[in-house]
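Worksheet: the structure to be examined is printed underneath.
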Amino acid sequence: FCNRLRHVESMSLQPSGAGRISHLNAVILGEPLESEENDLVFPSQEFSSQALVSSPEQYRNMYEKSIEDPAGFWSEIASQFYWKEKWNPEVYTENIDVRKGTVKFEWFKGGRTNISYNALDRNIEAGNGGKVAIYWEGNDLGDDGRLTYAELLEKVCQLANYLKHVGVRKGDAVIIYLPMLTELPIAMLACARIGAVHSVVFAGFSSESLSQRIIDCKPKAVITCNAVRRGSKPIHLKEIVDSALRESVKNGVTVDLCLTFENKSAMRREDTKWQDGRDVWWQDVVPLFPTKCDVEWVDAEDPLFLLYTSGSTGKPKGVLHTTGGYMVYTATTFKYAFDYKPSDVYWCTADCGWITGHSYVTYGPLLNSATIVVFEGFILLIQCEQFIQAPNYPDAGRCWNIVDKYKVTIFYTAPTLVRSLMREGDAYVTRYQRKSLRVLGSVGEPINPSAWRWFYNVVGDSRCPISDTWWQTETGGFMITPLPGAWPQKPGSATFPFFGVQPVIVDEKGNEIEGECSGYLCIKNSWPGAFRTLYGDHERYETTYFKPFAGYYFTGDGCSRDKDGYIWLTGRVDDVINVSGHRIGTAEVESALVSHPQCAEAAVVGVDHEIKGQGIYAFVTLVEGVPYSEELRKSLISVVRNQIGAFAAPDKIHWAPGLPKTRSGKIMRRILRKIASRQLNELGDTSTLADPSVVEQLISLGDC
Ligand code: 6R9
């Protein structure tokens with residue numbers, strides 16, 4: 001208690017910068033907190049005293065500097081990286097306001113660098129060549145491996161040399177469709193080394209989704225593996241690629257090279273379907289190339305990668321990140337939000353197919369010369385009938401077995417995993433020691449306070465702060481996040497902005513609102529890790545993100561700020577559903593459903609789901625005369641699985657003789673959401689419906 005009291009006292013520092021940065025709040029301004037002490041979870045004195053940022057005051061000083069002098073703040077940090085040539089005198093230029101012209105952010109322009117060099121060669125030169133870069137843990141117990149920084153560099157160089165040999169050049173796109181093998185980060189780093197633009201496609205996506213991405217970015221090569229195993233059953237990834245490539249050819253996009261890693265534990269090469277001339281075994285060519293490869297120095301604003309994400313229309317958006325700002329931002333956010341120390345062993349459970357795997361499996365940690373754990377196990381479950389993102393093989397204790405095996409100190413995961421393991425009971429956790437753990441992290445969706453407390457009390461033995469990091473594919477890195485030693489946490493709140501980030505809450509008209517409030521979350525300025533455009537569609541970039549509230553970047557999320565200034569994310573306010581931390585556009589699922597010959601119309605909404613956070617609930621109108629049947633329900637679900645991927649399969653199909661529409665024909669999703677969540681007393685005004693009786697019909701069919 002004394003410790004906590006001391007903390008409360010230290011929280012009550014006199015305001016030093018009050019009024020200067022208006023949107024800041026009690027903690028940041030050093031005012032006493034109004035919350036009851038039992039709403040707050042304090043870092044221990046032991047933790048805080050060793051933390052990189054150990055008090056609100058220290059944060060406040062750094063934050064103020066980052067806002068008042070972004071150029072000075074970020075160039076000082078950027079100088080810790082290797083630059084072949086320094087950037088232009090102006091560190092950054094920005095126009096975030098569409099009314100003033102094209103939206104454009106540039107950071108460190110004119111600077112020449114290479115992120116792969118900074119993540120590998122620079123660390124090796126600093127004496128970390130012998131340090132383990134990657135511990136790889138296979139799905140089967142005992143199937144594992146490790147690579148030091150020096151070994152990782154050699155493997156990256158061999159692949160980079162091979163890619164150069166086959167004609168992949170700076171600026172060319174390369175699609176990577178791999179499960180979580182070490183070859184996945186190796187392929188990313190190899191592309192970056194030669195200035196090629198990687199686009200990783202999550203290996204749970206279907207061939208149609210893959211071909212859509214191939215057609216959009218026209219890659220020089222696709223990198224994949226023949227198969228991945230779930231239990232005893234292989235999933236033939238190469239065949240998914242084959243069919244995607246066939247589809248691409250029909251659309252005028254031919255890819256000349258499909259580099260295929262032979263994943264021996266899943267499938268022998270003799271059993272793999274092959275197209276001579278196009279397909280090449282990784283193991284036959286890559287090891288023949290030299291283990292040293294000259295770096296392609298690129299401009300800070302040259303593209304590093306494209307990552308497709310769901311939006312509110314059917315077409316995925318190619319989020320484009322560039323090199324310099326992204327490098328500086330991911331490394332810095334990683335370091336501070338996890339209070340990283342060189343002795344840490346860090347495990348992020350995300351797949352590299354999502355942004356978390358880019359910024360916080362690969363780039364952020366390796367730029368800090370961290371030792372990372374890469375675990376194969378997740379993809380396998382994603383392919384299961386029921387999409388559950390939790391490693392429960394051989395049992396629900398697997399995560400903690402891995403934590404003890406590698407002495408993991410920082411464990412970063414998604415609320416969906418926490419909830420699904422929580423359901424299995426504490427015994428699976430407590431049978432392992434977990435003594436090495438010191439920081440926990442959460443990402444992907446709001447973490448509900450009960451899951452937060454279980455994560456904190458049971459997994460972290462009530463001694464490990466949780467960094468609940470709010471950010472997006474578009475933001476490149478953390479935007480709102482606890483700094484674990486700096487201030488008390490509130491379970492379920494992402495707390496305060498990272499250095500250089502100015503979040504604002506706006507009302508429907510786009511006016512900034514102050515104090516305790518809720519509204520739409522926007523960002524007021526640029527930051528180094530921001531995405532620069534949507535590939536091939538700058539207009540959509542402006543329309544989606546910068547036009548809804550002119551003068552700001554609109555995140556698509558709703559949030560509230562409490563009396564102490566803590567920020568609470570409340571979820572998407574657009575037509576995007578967040579299933580187990582994965583963004584799925586309702587329009588994508590709808591267009592898959594209506595492609596079924598017996599489906600006339602479909603409307604998809606998100607509903608609360610105990611484990612996944614949100615589940616997918618589809619209202620389906622059948623073609624006149626077609627009867628409902630269980631068989632048809634299954635076939636509708638399989639259409640979605642085939643067109644998008646298993647993780648997008650609807651949890652519920654609700655037969656709908658008609659959909660509630662306005663007189664102008666717009667589907668009223670507000671009403672559908674209420675029906676889906678059985679909040680029938682809250683349907684609100686239905687008088688604007690073209691045919692109000694539709695609602696009654698839907699309710700009576702609810703149990704189908
Ligand atoms: C990193 C990532 C982004 C959307 C975002 C928001 C939700 C992510 C969150 C969170 C509450 C958190 N989200 N982290 N919501 N608290 N800590 O997940 O990127 O796949 O692009 O999703 O995820 O809704 O807008 P991405």
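Counting starts at 1 for both ligands and their atoms, following the listed order.
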query = Does even one non-hydrogen atom of Trp354 get within less than 4.0 Å of ligand 1?
reply = no
Here the atoms of ligand 1 under 4.0 Å from any heavy atom belonging to Gly444 are 7 (C), 8 (C), 9 (C), 10 (C), 13 (N), 14 (N), 18 (O), 23 (O)
is_close_aromatic(Phe546, Phe554), centroid dist under 6.0 Å: no
Nearest non-hydrogen protein atom to atom 12 (C) of ligand 1, with distance, is Glu445 O, 3.5 Å
For Ala203 and Leu237 the tightest heavy-atom approach is O-CD2, 3.9 Å
> Taking the inter-plane angle between the rings of Phe338 and Phe334 on a 0 to 90° scale, is it parallel (under 30°), tilted (30 to 60°) or perpendicular (over 60°)?
Replying inline: perpendicular
*Stepwise salt bridge (Lys or Arg N to Asp or Glu O under 4.0 Å) test for Glu512 and Lys524*: CA-CA 10 Å; Glu512 278 184 40; Lys524 211 173 172 165; 3.7 Å; yes
for atom 2 (C) of ligand 1, nearest protein heavy atom and its distance come out as Trp471 O, 3.8 Å
At under 4.0 Å between heavy atoms, what of Arg583 touches ligand 1? The answer is side chain
(message) Polar contacts were defined as any N/O atom of the residue lying under 3.5 Å from an N/O atom of the ligand; does this apply to Asp468 and ligand 1?
(response) yes
Taking only non-hydrogen atoms of Thr473 and a 4.0 Å limit, the atoms of ligand 1 in range are 19 (O), 20 (O), 21 (O), 26 (P)
With sequence neighbours left out, the residues meeting salt bridge (charged side-chain N to carboxylate O under 4.0 Å, His left out) with Asp461 are Arg434
With a 4.0 Å cut-off, would you call Lys612 and Asp651 a salt bridge?
-> yes
Near Asp557 (heavy-atom distance under 4.0 Å), the atoms of ligand 1 are 5 (C), 6 (C), 24 (O), 25 (O)
A student checking ligand 1 against Thr356 at a 4.0 Å heavy-atom cut-off should list atoms 1 (C)
min-distance protein heavy atom vs atom 11 (C) of ligand 1 -> Pro446 N, 3.1 Å
One finds that the ligand 1 atoms under 4.0 Å from a non-hydrogen atom of Asn578 are 7 (C), 23 (O)
- Message: Can you confirm, on distance only, whether ligand 1 has an N/O atom lying under 3.5 Å from any N/O atom belonging to Thr555?
- Response: no
Taking atom types as modelled and ignoring hydrogens, do the side chains of Tyr412 and Thr469 form a donor-acceptor contact shorter than 3.5 angstrom? yes
Which of Ser48, Pro43, Ser467 passes side chain to side chain contact (heavy atoms under 4.5 Å, CB included) with Pro484? It is Ser467
